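Every number for a ligand or one of its atoms is a count from 1 in the order of the listing. Note that the coordinates shown come from a computational prediction; the quantities given were computed from them, not determined experimentally. The first residue in the sequence is number 1, and the count goes up from there.
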Amino acid sequence: MRTWEEIAARTASGERLSAEDALTLWREAPLWRLGELAVQKKRAISADKVFYNKNFHLEPTNVCLFNCKFCSFRRPRGSADAWEWSVEQMEQIVRSYKDKGVTEVHIVGGVHPDHSLDYYCKLIRRVKAILPRVAVKAYTAIELSYMIRKAGLTIREGLERLIEAGMEAIPGGGAEIFDEHIRQQICPEKGSTAEWFEVHHTAHELGLKTNATMLYGHIESVEHRIDHLMRLREEQDATGGFNAFIPLKYRNLNNSMSEIGEVPIIDDLRTLAMSRLILDNVPHIKAYWVMYGKQTTEMALKFGADDIDGTIDDSTKIYSMAGAEEQRPTMSVGDMQQMTQRAGFRAVERDTHYNEIK
Ligand code: V47
């Protein structure tokens with residue numbers, strides 16, 4: 001077995017990590033060395049840039065067919081804090097972003113029992129009618145798989161309809177942890193790992209770029225995280241369709257796994273760095289500031305992240321309901337620039353496809 005020092009030296013010179021070496025590095029290398037290696041890899045791809053965008057979220061409903069144990073967002077239909085916005089209500093929200101310079105709307109919500117594929121296509125069309133130049137990054141693979149199968153279509157046919165309606169990218173949610181045994185324990189009702197990959201693989205074949213996530217810091221082990229990253233690396237070798245990887249730290253407020261607690265920040269930093277090192281073929285590693293909070297996000301830039309997501313404008317509740325620091329998440333461009341500068345990098349505005357906006 002190689003020592004961590006040997007593995008670090010080989011990784012630095014461009015050798016791809018095996019699962020076994022990744023485990024040694026993850027467990028044994030000091031944090032500073034992981035940071036150094038990850039930033040070296042980050043610089044080779046994005047130099048001194050850290051990307052952000054001007055975006056907002058639309059969360060049509062928190063009513064969901066599935067009852068995932070880590071979720072603090074879901075509410076039973078009819079309960080006091082459940083919401084089901086009509087398309088007209090969402091149009092009103094979208095109209096408030098006219099002339100605000102946003103380039104992306106991220107649409108994601110519960111898997112609602114009544115909504116049809118036509119409803120989801122209609123929502124995209126209405127958004128595009130109001131904000132024609134804004135990219136719609138919409139629906140997790142789990143929502144997509146459900147709405148498309150319910151319509152009696154193949155994943156390819158369903159995605160084609162959504163693309164025709166104006167969907168430009170797919171967010172990374174619903175990946176959770178790919179190991180089927182762990183998945184069964186934390187989200188037994190949810191769509192499977194195979195379903196998640198089928199949607200992303202088909203999207204890539206159709207030329208759509210997508211993101212990938214990993215929910216970590218609950219009952220999984222480091223081996224499960226490595227397995228998750230290896231499966232993504234393999235898919236990326238085959239299609240090249242992932243734009244960004246987003247490690248999502250399990251936040252434990254008000255859900256049925258709360259007793260597990262949250263992992264320390266050092267674990268977040270090791271996970272970010274190891275994601276950058278294992279995913280040598282995924283260009284961007286996103287430290288989602290809404291989930292980490294601003295301080296950890298700033299540190300994440302020293303551990304291989306090159307993207308911090310966007311301005312958000314207090315439009316998402318998934319993380320505030322799970323106990324994240326930012327209860328009304330909003331970040332100004334000035335704040336993002338300062339955060340990036342303090343970490344020794346340069347903030348660059350991007351669109352959904354990572355084109356720089358001058
Ligand atoms: O799939 C839910 C996660 C995801 C909790 O693609 C939780 O740019 C931690 O995927 N603690 C949805 N995580 C959010 C998501 C996302 C976010 C930002 C950017 C992008 C992108 C994608 O949120 C779910 C799940 O893994 N999640 N509850 C929780 N308590």
Distance flag, aromatic centroids of Y216 and H224, threshold under 6.0 Å:
no
Ligand 1 atoms in contact with G173 (distance to a heavy atom under 4.0 Å):
1 (O), 10 (O)
Tell me which protein heavy atom sits closest to atom 27 (N) of ligand 1, plus the residue, atom name and distance to 0.1 Å.
Y319 OH, 3.5 Å
Show, in sequence, the C-alpha distance, side-chain angles and deciding distance for L277 and L25, and conclude whether the side chain to side chain contact (heavy atoms under 4.5 Å, CB included) test is met.
CA-CA 10 Å; L277 296 177; L25 205 56; 4.0 Å; yes
Please lay out, stage by stage, how E205 and R156 fare under the test salt bridge (Lys or Arg N to Asp or Glu O under 4.0 Å).
CA-CA 9 Å; E205 284 179 346; R156 175 176 288 264; 2.8 Å; yes
Atom 14 (C) of ligand 1: which of N53, L248, V108 has the nearest heavy atom?
L248
Given that the side chain starts at C-beta and the backbone is N, CA, C, O, which of these parts of A322 lies under 4.0 Å from ligand 1, counting heavy atoms, or is it both or neither?
side chain
Identify the residue among E164, E168, E91 that makes a salt bridge (Lys or Arg N to Asp or Glu O under 4.0 Å) with K128.
E168
Sequence neighbours left out, cut at 3.5 Å: what donor-acceptor pairs do the side chains of residues 304-312 make with other protein atoms?
residue, atom, partner, partner atom, Å
D306, OD1, R276, NH2, 3.4
D306, OD1, I285, N, 3.1
D306, OD2, S46, OG, 3.0
D306, OD2, H284, ND1, 2.9
D307, OD1, D309, N, 2.7
D307, OD2, R350, NE, 3.0
D307, OD2, R350, NH2, 3.1
D307, OD2, Y354, OH, 2.4
D309, OD1, K286, NZ, 2.7
D309, OD2, N55, ND2, 3.0
T311, OG1, N55, N, 3.1
T311, OG1, N55, O, 3.4

heavy-atom search around atom 22 (C) of ligand 1 in the protein gives H106 CE1, 3.6 Å
Linking I/L/V/M/F/W/Y whenever their side-chain heavy atoms sit closer than 4.5 Å, directly or via other members, would I170 and F56 fall into one cluster?
yes
Of all the non-hydrogen atoms in the protein, which one sits nearest to atom 25 (C) of ligand 1, and at what distance?
E176 OE1, 3.3 Å
With backbone taken as N, CA, C and O and side chain as the heavy atoms from C-beta onward, which portion of M291 lies under 4.0 Å from ligand 1: side chain, backbone, both, or neither?
neither
Distance only, no hydrogens: is a donor on one side chain within 3.5 Å (strictly under) of an acceptor on the other, for H112 and E84?
yes
Please confirm whether I246 approaches ligand 1 to less than 4.0 Å, judged on its heavy atoms.
yes
Output the list of atoms in ligand 1 that are nearer than 4.0 Å to some heavy atom of T213, sorted by atom number.
10 (O)
Distance only, no hydrogens: is a donor on one side chain within 3.5 Å (strictly under) of an acceptor on the other, for H204 and T210?
yes
For K137, counting its heavy atoms only, list the atoms of ligand 1 lying under 4.0 Å from any of them.
6 (O), 8 (O), 21 (C)
Of the protein's non-hydrogen atoms, which lies at the shortest distance from atom 1 (O) of ligand 1, and what is that distance?
G174 N, 2.7 Å
